[in-house]
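Notes follow once the structure below has been shown.
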Amino acid sequence: MFRIETFVLHLFQKGVEAEKRAISFLSKLRNELQTDKPVTPLEDELPDAALWNQYLDYQRNLSNGNGEPSWFQSPWLYVECYMYRRIHAALAQNPPIDNFDVFKEGKAQNFFESQEAVIALCTYFQELLKNIKDLDEKQLQEELFKLLQVSLWGNKCDLSFSAGEDSSQKSSPLQSLESLIPYILVNDTEKLWSLLVNAKKRNTDKSNVRFDIILDNAGFELVSDLVLADFLLSSKLADEVHFHGKSIPWYVSDTTKHDFNWTVKQLQSANHMWMSRCGINWEGNLKKGVWVYHDHMFWTLPHDFSSMAEVAPDLYADLQKSNLLLFKGDLNYRKLTGDRKWEYTVSFHQALNKFHPAPLCSLRTLKSDTVVGLKPGQGEQIQASEPEWMVSGKYGVVQFDAAL
Ligand SMILES: O=P(O)(O)OC[C@@]1(O)O[C@H](CO)[C@@H](O)[C@@H]1O
Ligand SMILES: [Mn+2]
């Protein structure tokens, strides 16, 4: 006879066994990492495993007989991505916890702790929407610049950088913009504006103007990106916005489909008029198909973006349909520039190493030691007084590349 108690007990036991297996997998991973063991091929059957193993072979060839790729010897970008992929495997192979996101709680907490900043931003934005039709070009441009900066500085709220500690947005995101302008080392916002205005003029009765955001962190940063996306549609600078998130939990705070939908729902059901107005509009945009969410496994592979055309031609072809690609965050910047130790004055275009599906722009606060496109002496001057300038998250870039 079927008894619900027996069924629940069975499920509970299955869950406990799966947890034990996942914990033992994670302890093994920690031990390999701490003792600089060689990087091993992935043994799971997830769809990207073969690509990871090919990439390991590529790293082996690079090391040219100088030992196996290992945790302390191999490029940081590679082993860090590999670590997140192994954490994923620990859970994904163990039903019933195979869909569990170990970082979910931290992301939710970051969102709730940024509540006041979210309210301030949504309120500002809903006020702006009231008379957006009456704004002239100059005023629209000013508003775009503000929201781009909010989205840029929103990138400070990153949980892998703060090692899981609180990194929420506490102060009002709009008030401090003016005082932060000197910290934008490369500011190509004017170029973005020209591109958007010209795209709109050229496309008046032809195809849609499409804007893509390659998302980074959930929490306040995601809300700032959604507000920017809403502004682009509401101002008619764009007709559709495509978002690209991660298909597995990644770098602690990166946005997955679940985080994306959860965030829209949270705003919708918030006990604050302007927050919920935003959430309702955003849900409507998704339903109408003027906002589209995508994920692709390429974003959670270790490859530089310069190999996208070869490794993920379908994604590359999709990005080619865009009028402008906005890459959020530090990890995307590292992958755009191949995470090399470039001279600061090398051009962004050169560092992209032929990656150019469409005009693109990076909005990123500096949290790792790669930066290009600076003026001669600019980096050295900051370095002299602030040795931590490249990794503190205090500086940012709005860096654009249009050349084909
Ligand atoms: O891409 P994001 O969210 O802006 O930054 C992610 C990041 O903080 O994680 C790594 C540290 O773990 C850094 O290299 C990198 O800057
Ligand atoms: Mn991130």
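Every number for a ligand or one of its atoms is a count from 1 in the order of the listing. Each residue takes its place number in the sequence, starting with 1. Values reported hereafter were calculated over all heavy atoms of this structure, with side chains retained and with hydrogens, waters and symmetry mates removed.
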### Which atom of Asp216 approaches the Mn ion (ligand 2) most closely (N/O/S)
OD1
#### Entry: Minimum-distance atom from the Mn ion (ligand 2) among N, O or S atoms of Asp254
OD1
Can an N or O of [X] be found at a distance shorter than 3.5 Å from an N or O of ligand 1?
| X | result |
| --- | --- |
| Tyr251 | no |
| Leu331 | yes |
| Asp330 | yes |
| Arg334 | yes |

### Query
Can Tyr333 be said to touch ligand 1, with heavy atoms closer than 4.0 Å?
no
### Message
For Trp389, give me all partners under ring-ring contact (aromatic ring centres under 6.0 Å, His included), at least two apart in sequence or on another chain.
### Response
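Applying ring-ring contact (aromatic ring centres under 6.0 Å, His included) to Trp389 gives Tyr344.
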Please determine, by modelled atom types, if [X] and [Y] share a side-chain donor-acceptor pair under 3.5 angstrom.
| X | Y | answer |
| --- | --- | --- |
| Asp101 | His258 | no |
| Ser151 | Lys328 | yes |
| Asn155 | Asp216 | yes |

### Query
Does Glu80 approach ligand 1 within less than 4.0 angstrom via side chain, backbone, both or neither, non-hydrogen atoms only?
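Just the side chain.
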### Query
Honestly, is Lys156 close enough over Trp153, meaning NZ or CZ under 6.0 Å from the six-membered ring centre and within 45° of the axis?
yes
### Task
Identify whether NZ of Lys or CZ of Arg in Arg86 sits under 6.0 Å from the centre of the six-membered ring of Trp52 and within 45° of that ring's axis.
no
### Task
Output every pair passing salt bridge (charged side-chain N to carboxylate O under 4.0 Å, His left out) with a member in residues 56-67, not counting sequence neighbours, ordered by first then second residue.
Asp57-Arg60, Arg60-Glu68
### Query
For ligand 1, which atoms have a heavy atom of Asn217 less than 4.0 angstrom away?
3 (O)
### Query
What atoms of ligand 1 come closer than 4.0 angstrom to any heavy atom of Asn155?
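This gives 4 (O) as the contact atoms.
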### Query
Would you say Asp330 has an N, O or S atom lying under 2.8 Å from the Mn ion (ligand 2)?
no
### Task
For the Mn ion (ligand 2), decide whether Asn217 has an N, O or S atom at a distance under 2.8 Å.
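Yes - counting backbone and side chain alike, Asn217 has an N, O or S atom under 2.8 Å.
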### Query
Any donor and acceptor pair, going by atom type alone, linking the side chain of Gln399 with main-chain N or O of Leu360 inside 3.5 Å?
no
### Query
Can you check whether Trp262 and Phe112 have ring centres sitting under 6.0 Å from each other?
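Trp262 vs Phe112: aromatic centres under 6.0 Å.
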### Query
Taking atom 3 (O) of ligand 1 as the point of reference, which of Thr365, Asp216, Leu77 owns the nearest heavy atom?
Asp216
